[in-house]
Structure formats: structure tokens, C-alpha cells
Engineer: 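I have a structure here, written as C-alpha cells, and I will follow up with some questions on it.
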Amino acid sequence: MSKRRGERPPVPETLPAPVVDAHTHLDACGAKTPRDVREVLDRANAAGVDRVVTVADDLDSARWAAEAATWDERVFAAVALHPTRTSDFGDDVRAELTRLAGLPRVVAIGETGLDYYWDYAPRDAQHEAFRWHVDLAKRVRKPLMIHDRDAHDDVLAVLDSEGAPDEVVFHCFSGDLAFARACVERGFVLSFAGTATFRNAHALREAARWVPGDHLLVETDAPFLTPHPFRGRPNEPYCAAYTLRDIATLREEDPADLATMITRTAERIFGLRDVAES
């Protein structure tokens, strides 16, 4: 059993329609080179996951993500400083993130937000950085990708007070039905990770069952949060296929129809077709 927990889950049967992994961390999955990235994406494509957004959490990973997105046409990037890393958020960091945010294959500003679970960064520093990222997303006219851990009310308060960008994605949505309704009422999109497949996540699954299809994305947050029944094993973008099928069953929808709807939403939010054609 301990050996299996260190192994990736099997690559599942190909989805009946392709879907986008809206949030992954290719570098944390062990990808370092163009060949590594290609191999990860080839496994994803075998499962029907045809494109990914690889997301930064610090400045080095932001630079790497922006470069990796130029190595493979199936890869796009998001750049930001993770809220737990905002203790030191000086002008040099802001300038570099602003530069990276303007690159054509960087399709979102994220992940940014608030994290009250860990105490790696003071809350006032997190709030200042979050507000700056909100402004950056509006300046470069790209969607904002939210990290929200144990901070639902304060995240919404910041977005309401600052004025949210046109497109906001709650990565690894972790709220209940009431919070899902509050987000959707504001026009926000909810991205569900493997946690939505956990059988004890009753409130989260209720939210996933309810959210309108055009406000729904799926993601892996790989290498973390591997979906049921492989919880605890290493995650990769191909595992978004497991999450998609599980959510389709939960919602009593055809997997092909749900995948098609999610793909349209991802293309709309992140402008994937516009980037590919530029």
C-alpha cells in the first residue's frame, strides 16, 4: 500500500470530449525542461485533457511558468505571488510580475488572495498584495485567479471594495452552497479540484452539483489534491478526467456535454483561442 501511495494513478480512458485543466503546477509535478512538459501533456492528452494553465506561487515559478508556456502550445500560464509568500512584496517583485503579466501566453493573474490557514505571511501583508494583484489584473485586462483558504468573507470584501476585474476564477473552490451562490451572483467562476470528489466533502459537493454550467471549471492543482479514489497519491493534469467524470455523475449530466461546456468557459475566461491564433 505504501508503495502505491507514491505512484501516480493510472491514466484513465479518454474523455468523450476534451477538457482544460484550469489550474496546475507543472514545475511542482517535476517538469523542468521542454521534454518534461511535453511528456506530462502527452499523458494528459491521452485522458482527454488537451490544455492546461500552469500557475505560479512565487517569482521563480512565475518566470518558469511564463517560459514553459512558450515550449508547448497546449500550455498557458498564470503569474502572481501566493498569499503565503507576501511577507516580502517589494517594488522589484511588483515590477517583474507586471512584466510577466503582459506576456501573451500569460492568461491570468494568479494565484492570489488570502490564506488564513497558514501563518507564513501577516494578514495585512496578504491584503495589500491581494489588492495590488486585483489592480494588476484590471490593468492588463486578464482574469484574476483566487486562492481562498478559510477566508471567504474577507476575499469577497476585498473584491467588492476594490471592484473585481471582469473575470474572476475561484481556484480549488472550497465553499458551501451559500458561498457558491454569493460568488455566482457576482459573475465569478468556480473551479473544482479533486476535493470535490471526496465522499466526505458534502457541502462542497452540494455546491458542485448546483453551480451553473457556464460558471464551472475543473482543475487538478497538481501535484496536490488527487481525486477519489486515488486520494493521497501524486496528481497530474490527466487526473482532471477523473474529476470531470465524477462531477458529471454528481450533476447527472453526460460527461461529453459537461466537458464541452467547461471547455467553452475556459476558452472564454482565459481567451485561449485568441492566444493560440495570435
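Only a predicted model underlies this, so the values are computations on that prediction, with no experimental measurement involved. Any value given below was found using the heavy atoms of this structure, including those in side chains, with hydrogens, waters and symmetry copies removed.
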Engineer: Using a strict 4.0 Å threshold on nitrogen-to-oxygen distance, state whether Asp135 and Lys138 make a salt bridge.
Structural biologist: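 No, this pair does not count.
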Engineer: Once side-chain contact (heavy atoms from CB on, under 4.5 Å) is applied, do any residues pair with Pro223, and if so which ones, sequence neighbours excluded?
Structural biologist: His25, Ala28, Cys29
Engineer: Considering non-hydrogen atoms only, spot the tightest contact between His133 and Leu144 and give its length.
Structural biologist: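 Here His133 and Leu144 meet closest at O-CD1, 3.7 Å.
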Engineer: Within 45° of the ring axis of Phe198 and under 6.0 Å from its six-membered ring centre, is that where the NZ or CZ of Arg231 lies?
Structural biologist: yes
Engineer: Give me the ring orientation class for Trp64 and Trp71: parallel if the planes are under 30° apart, tilted from 30 to 60°, perpendicular past 60°.
Structural biologist: perpendicular
Engineer: Is it true that atom CG of Asp166 has more than 12 heavy atoms of other residues, nucleotides or ligands lying nearer than 6.0 Å?
Structural biologist: no
Engineer: Are Ile262 and Trp210 linked, directly or through other ILVMFWY residues, by side chains that come within less than 4.5 angstrom of each other?
Structural biologist: yes
Engineer: Could you tell me whether the side chain of Thr98 reaches within less than 4.5 Å of the side chain of Leu136, counting heavy atoms only?
Structural biologist: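 Leu136 reaches Thr98 side chain to side chain.
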Engineer: Using ring centroids (six-membered ring only for Trp), state whether His152 and Phe170 fall under 6.0 Å.
Structural biologist: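 They do not qualify: ring centres at least 6.0 Å apart.
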Engineer: Consider only side-chain N and O atoms of Arg51 and Thr263, and report whether a donor and an acceptor are under 3.5 Å apart.
Structural biologist: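 On atom types as modelled, these side chains do not qualify, holding no pair under 3.5 Å.
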Engineer: Using the salt bridge (Lys or Arg N to Asp or Glu O under 4.0 Å) rule, collect all pairs that involve residues 176-191, keeping only residues at least two apart or in two chains.
Structural biologist: Asp160-Arg186
Engineer: Can you give me the closest heavy-atom contact between Arg131 and Ser161, atom names plus distance?
Structural biologist: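 For Arg131 versus Ser161, the nearest heavy atoms are NH1-OG, 3.2 Å.
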Engineer: Please find the pair of heavy atoms, one from Pro83 and one from Ala121, that lie closest to each other, and give the distance.
Structural biologist: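 Heavy-atom minimum between the residues: O-CB, 3.4 Å.
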Engineer: Starting at OG1 of Thr265, measure out to CG of Leu217 and round the result to the nearest 0.5 Å.
Structural biologist: 6.0 Å
Engineer: Atom CZ in Arg268, atom CD in Glu167: separation rounded to 0.5 Å?
Structural biologist: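 That separation rounds to 5.5 Å.
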Engineer: Evaluate the criterion side chain to side chain donor-acceptor pair (under 3.5 Å) for residue pair Asp257 and Thr260; output intermediate values, then yes/no.
Structural biologist: CA-CA 5 Å; Asp257 293 340; Thr260 299; 5.6 Å; no
Engineer: May I ask you to check if Arg139 and Trp132 form a cation-pi contact, with NZ or CZ under 6.0 angstrom from the six-membered ring centre and within 45° of the axis?
Structural biologist: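 Checked: cation-pi criterion met.
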Engineer: To the nearest 0.5 Å, what is the distance between OG1 (Thr112) and CG (Leu97)?
Structural biologist: 9.5 Å
Engineer: Are Arg74 and Asp21 close enough for a salt bridge, meaning some N to O gap below 4.0 Å?
Structural biologist: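 Looking at Asp21 together with Arg74, the answer is no, because their closest N to O distance does not fall below 4.0 Å.
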Engineer: If hydrophobic clusters are built from ILVMFWY residues whose side chains come within less than 4.5 Å, do Leu190 and Met261 share one?
Structural biologist: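 They do not share one cluster, since no chain of ILVMFWY contacts under 4.5 Å joins Leu190 to Met261.
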Engineer: If you look only at pairs with a residue in residues 109-129, which of them pass as a salt bridge (Lys or Arg N to Asp or Glu O under 4.0 Å), with sequence neighbours excluded?
Structural biologist: Arg94-Glu128
Engineer: Could you grab the distance from atom NE2 of His147 to atom CG of Leu114, nearest 0.5 Å is fine?
Structural biologist: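 One gets 8.5 Å once the value is rounded to the nearest 0.5 Å.
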Engineer: Determine, step by step, whether Asp246 and Arg199 satisfy the salt bridge (charged side-chain N to carboxylate O under 4.0 Å, His left out) criterion, reporting the C-alpha distance in whole Å, the side-chain angles of both residues, the deciding distance to 0.1 Å, and the verdict.
Structural biologist: CA-CA 11 Å; Asp246 190 274; Arg199 294 317 190 242; 2.9 Å; yes
Engineer: Main chain of Glu252, side chain of Arg209: is a donor-acceptor contact present, judged purely on distance under 3.5 Å?
Structural biologist: no
Engineer: Any chance the rings of Phe76 and Phe270 have centres within less than 6.0 Å?
Structural biologist: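 Centroid distance Phe76-Phe270: not below 6.0 Å, so no.
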Engineer: What heavy-atom pair brings Pro122 and Ser87 nearest, and what distance separates the two atoms?
Structural biologist: CD-OG, 3.4 Å
Engineer: Quick check: does any side chain N or O of Thr226 sit under 3.5 Å from a backbone N or O of Arg233, one acting as donor and the other as acceptor?
Structural biologist: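 Yes: the side chain of Thr226 pairs with the backbone of Arg233.
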Engineer: Honestly curious: do Leu177 and Leu204 fall in one hydrophobic cluster under the side-chain, below-4.5 Å linking rule?
Structural biologist: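 Linked within one cluster.
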Engineer: Does Ile146 share a hydrophobic cluster with Leu225, counting links as ILVMFWY side-chain heavy atoms below 4.5 Å and allowing steps through other members?
Structural biologist: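 Different clusters.
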